[in-house]
Amino acid sequence: MIGTLFTLAPILVFSTLAISFISISLPRFLKKLNINATNRVSFANKNFLNTIAKWGLGLRELKRYHAKTVFSKVIAVSSNKLEDSEINKMRVIAFSQFVQGIADVIGRIIIPLIAGVLYFEGKIKFGAIVTASYFVNDIFNSLWDFSNNINLLNSSSDLRKKITNLTQEYPHLESKKNPNKIKLIKTTNLVKSFTNRSQIKYPDIYIKKGEHILLTGVSGCGKSTFLRLILGIEKPSKGKVEYYDNQNQVIIPDFDQIGYIAQDVTLFPSSIRDNITMFNDPLNNKVSEVLQKVDLDLSVKEIGSIINPDNILLSGGQKQKIILAREIIDPKSFIFLDEPTSAIDTKTTTKILKIISELPSTIIMIAHNLTPKQKLMFDREIHFSKKGSDENDNT
Ligand SMILES: Nc1ncnc2c1ncn2[C@@H]1O[C@H](COP(=O)(O)OP(=O)(O)OP(=O)(O)O)[C@@H](O)[C@H]1O
Ligand SMILES: [Mg+2]
């Protein structure tokens with residue numbers, strides 16, 4: 001097309017190229033404006049959802065104090081901000097189209113104008129004006145679509161980068177492709193730094209399939225963080241966590257095959273039975289047996305009763321027993337337990353430890369204050385010092 005235009009008159013080509021260049025470059029200048037507008041919408045959207053989540057949970061409390069209007073007000077403020085950011089984004093898109101449109105109109109007018117001048121100077125024939133207008137129209141039509149699409153693409157470039165980083169930070173999102181063949185978990189030079197400049201350095205740890213490990217250390221030395229690091233819930237600041245299979249190949253494990261009891265137990269607002277079976281009905285007939293194992297004496301009626309998150313009828317220890325029953329009823333091949341018996345008496349703890357010790361699963365359990373006899377129910381103990389730098393083996 002440019003070649004045909006060139007045969008008509010080189011000046012037409014250079015003018016077309018110059019205006020096309022300006023038109024193509026405009027998205028680069030408008031990029032920051034578009035990104036900011038999209039980020040503002042994303043930020044406002046996130047705040048809006050957070051507001052609903054935070055205030056929604058406390059709705060009952062607000063109702064108790066006849067303060068429902070507070071909820072309407074905060075939701076209104078948050079949704080107004082979201083609306084403002086949407087309007088602002090539309091304004092930025094309209095502005096980008098306007099600027100792009102100026103370049104487009106200039107191109108469509110100037111090229112035929114130059115062709116006209118050349119015709120009057122007798123440098124080109126009349127047919128060339130028509131041909132030039134026709135070509136120029138085609139070129140600028142394509143450029144118009146191209147530039148507007150680039151503007152739209154640019155506007156979300158920051159968000160796309162964040163989404164890519166997120167999927168890299170949480171490899172388990174992709175992990176289901178790999179079967180569960182973990183033979184060894186190995187950590188190397190693991191360091192976790194926090195924004196408040198505190199830092200935890202870990203010794204290199206090997207956990208072999210089938211081992212039952214007790215993880216101890218003073219409060220705050222980084223035990224819970226360690227479990228979250230090997231579970232991929234948190235990303236190491238330095239070093240790495242590797243899972244190996246039978247062939248000593250590094251694999252991305254199926255994290256769904258790892259049972260995890262976090263330090264703060266959460267129960268779902270459903271029946272105690274559902275909280276144990278995790279809605280897997282074929283396990284229902286094993287519920288009373290497993291409750292006996294964890295020493296939780298409940299009637300069938302109580303097992304079927306719905307747990308209210310605000311319910312004070314369940315003690316801390318009872319909640320822990322429900323969660324332990326969840327892990328025991330259908331044990332996963334790896335089970336990580338973060339102080340699962342901290343609110344349970346010593347005698348029952350011994351009973352539960354015995355059941356755990358008989359599981360064929362690989363176990364890592366964090367616990368404080370176990371008796372020497374209870375400690376012996378594990379294959380070995382890993383002890384983190386204050387700086388997380390030494391390891392003891394009690395086998
Ligand atoms: N998100 C975070 N931001 C800042 N610091 C953090 C964060 N998470 C953990 N830490 C710090 O890391 C340290 C270790 O925390 P972690 O919960 O792993 O300790 P722990 O050994 O499990 O303690 P405990 O026995 O009391 O449960 C703490 O001193 C805490 O201040
Ligand atoms: Mg902890």
Side-chain angles (χ1 to χ4, degrees), residues 180-187 203 205-217 221 223-224 226-228 230-231 243-244 246 253-263 265 275-278 280 283 286-298 315-384 390-395:
N180 172 47
K181 303 182 276 191
I182 307 163
K183 191 191 160 201
L184 174 77
I185 306 171
K186 183 178 151 193
T187 70
I205 302 287
Y206 293 76
I207 299 147
K208 290 190 218 111
K209 184 180 178 178
E211 276 193 304
H212 286 193
I213 292 170
L214 173 66
L215 183 56
T216 58
C221 69
K223 303 177 297 293
S224 300
F226 180 74
L227 285 195
R228 289 198 296 273
I230 53 179
L231 278 163
Y243 284 79
Y244 288 84
N246 288 325
D254 182 352
F255 282 90
D256 286 351
Q257 288 303 312
I258 299 176
Y260 172 51
I261 299 185
Q263 197 163 358
V265 293
N275 269 281
I276 293 170
T277 63
M278 288 312 284
N280 186 6
L283 293 176
K286 286 171 78 182
V287 169
S288 44
E289 178 196 330
V290 86
L291 280 177
Q292 258 180 2
K293 283 186 178 174
V294 296
D295 230 2
L296 188 58
D297 193 15
L298 294 176
S315 69
Q318 284 175 318
K319 282 190 217 163
Q320 286 189 329
K321 286 176 181 177
I322 292 172
I323 305 274
L324 277 160
R326 182 191 293 168
E327 293 306 322
I328 292 169
I329 197 166
D330 184 24
K332 308 239 183 195
S333 48
F334 279 71
I335 306 175
F336 299 162
L337 310 158
D338 196 344
E339 302 196 36
T341 56
S342 58
I344 297 174
D345 62 273
T346 307
K347 198 169 150 236
T348 315
T349 298
T350 304
K351 190 177 169 188
I352 291 169
L353 286 179
K354 185 156 189 313
I355 290 153
I356 290 176
S357 73
E358 284 163 4
L359 294 177
S361 322
T362 311
I363 310 271
I364 306 177
M365 176 169 149
I366 299 174
H368 287 287
N369 307 326
L370 290 192
T371 65
K373 221 172 159 188
Q374 287 172 334
K375 284 188 176 186
L376 284 173
M377 295 167 106
F378 293 85
D379 295 330
R380 65 185 168 110
E381 176 182 350
I382 295 174
H383 181 81
F384 289 158
D390 60 86
E391 181 184 2
N392 287 338
D393 221 315
N394 74 349
T395 44

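Each residue takes its place number in the sequence, starting with 1. In what follows, every heavy atom counts, from backbone to side chain, and hydrogens, waters and symmetry copies are set aside.
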With rounding to the nearest 0.5 Å, note down the distance linking CZ in Phe334 to CD1 in Ile182. 4.5 Å
Would you name the heavy atoms of Pro203 and Thr187 that are closest together and state the gap between them? O-OG1, 3.7 Å
Could you tell me whether the side chain of Lys223 reaches within less than 4.5 Å of the side chain of His368, counting heavy atoms only? yes
Test log, rule side-chain contact (heavy atoms from CB on, under 4.5 Å), inputs Ile344 and Leu324: CA-CA 11 Å; Ile344 297 174; Leu324 277 160; 4.0 Å; yes
Side chain to side chain donor-acceptor pair (under 3.5 Å) with Glu211: which residues, sequence neighbours excluded? Arg380
Would you check if Ile230 and Ile364 make a side-chain contact, meaning some heavy-atom pair closer than 4.5 Å? yes
Would you mind reporting whether Tyr260 and Arg228 have side-chain heavy atoms less than 4.5 Å apart? yes
Determine the minimum heavy-atom distance between Asp338 and Ser224, stating which atoms define it. OD2-OG, 2.6 Å
Ser342 to Gln320 - nearest heavy-atom pair and separation: OG-NE2, 2.9 Å
If you round to the nearest 0.5 Å, how far is NZ of Lys208 from CD1 of Ile185? 12.5 Å
d(Met365 CE, Ile261 CD1) to nearest 0.5 Å is 9.0 Å
Should we count NZ of Lys209 as having more than 12 external heavy atoms under 6.0 Å? no
Close side-chain approach of Leu337 and Ile356, heavy atoms under 4.5 Å: yes
What's the separation between atom CD1 in Ile205 and atom CD1 in Ile382, rounded to the nearest 0.5 Å? 4.0 Å
Side chains of Lys321 and Thr348, heavy atoms from C-beta outward: is any pair under 4.5 Å? yes
Evaluation steps, side-chain contact (heavy atoms from CB on, under 4.5 Å), between Met278 and Ile329: CA-CA 10 Å; Met278 288 312 284; Ile329 197 166; over 6 Å; no
Check: Leu214 main-chain N/O paired with His383 side-chain donor or acceptor under 3.5 Å: no
For atom CD of Gln263, is the number of surrounding heavy atoms from other residues, nucleotides or ligands below 6.0 Å larger than 12? yes
May I ask you to test the Ile352-Asp295 pair for a side-chain heavy-atom distance under 4.5 Å? no
Decide side-chain contact (heavy atoms from CB on, under 4.5 Å) for Leu291 and Ile276; before the verdict, give the C-alpha distance in whole Å, the side-chain angles of both, and the deciding distance to 0.1 Å. CA-CA 9 Å; Leu291 280 177; Ile276 293 170; 3.6 Å; yes
Could you check whether any side-chain heavy atom of Thr346 comes within less than 4.5 Å of a side-chain heavy atom of Gln374, counting everything from C-beta outward? yes
Could you grab the distance from atom CG of Asn369 to atom CD of Glu339, nearest 0.5 Å is fine? 9.0 Å
List the steps, then state whether side-chain contact (heavy atoms from CB on, under 4.5 Å) holds for Ile258 with Tyr243. CA-CA 12 Å; Ile258 299 176; Tyr243 284 79; 3.9 Å; yes
Straight-line distance of Ile323 CD1 to Glu327 CD, nearest 0.5 Å: 8.0 Å
Tightest non-hydrogen contact, residues Ile335 and Pro331, listed as CD1-CB, 4.1 Å
Is the shortest side-chain heavy-atom distance between Phe226 and Ile366 below 4.5 Å? no
Residues, nucleotides or ligands: over 12 heavy atoms within 6.0 Å of Asn280 CG: yes
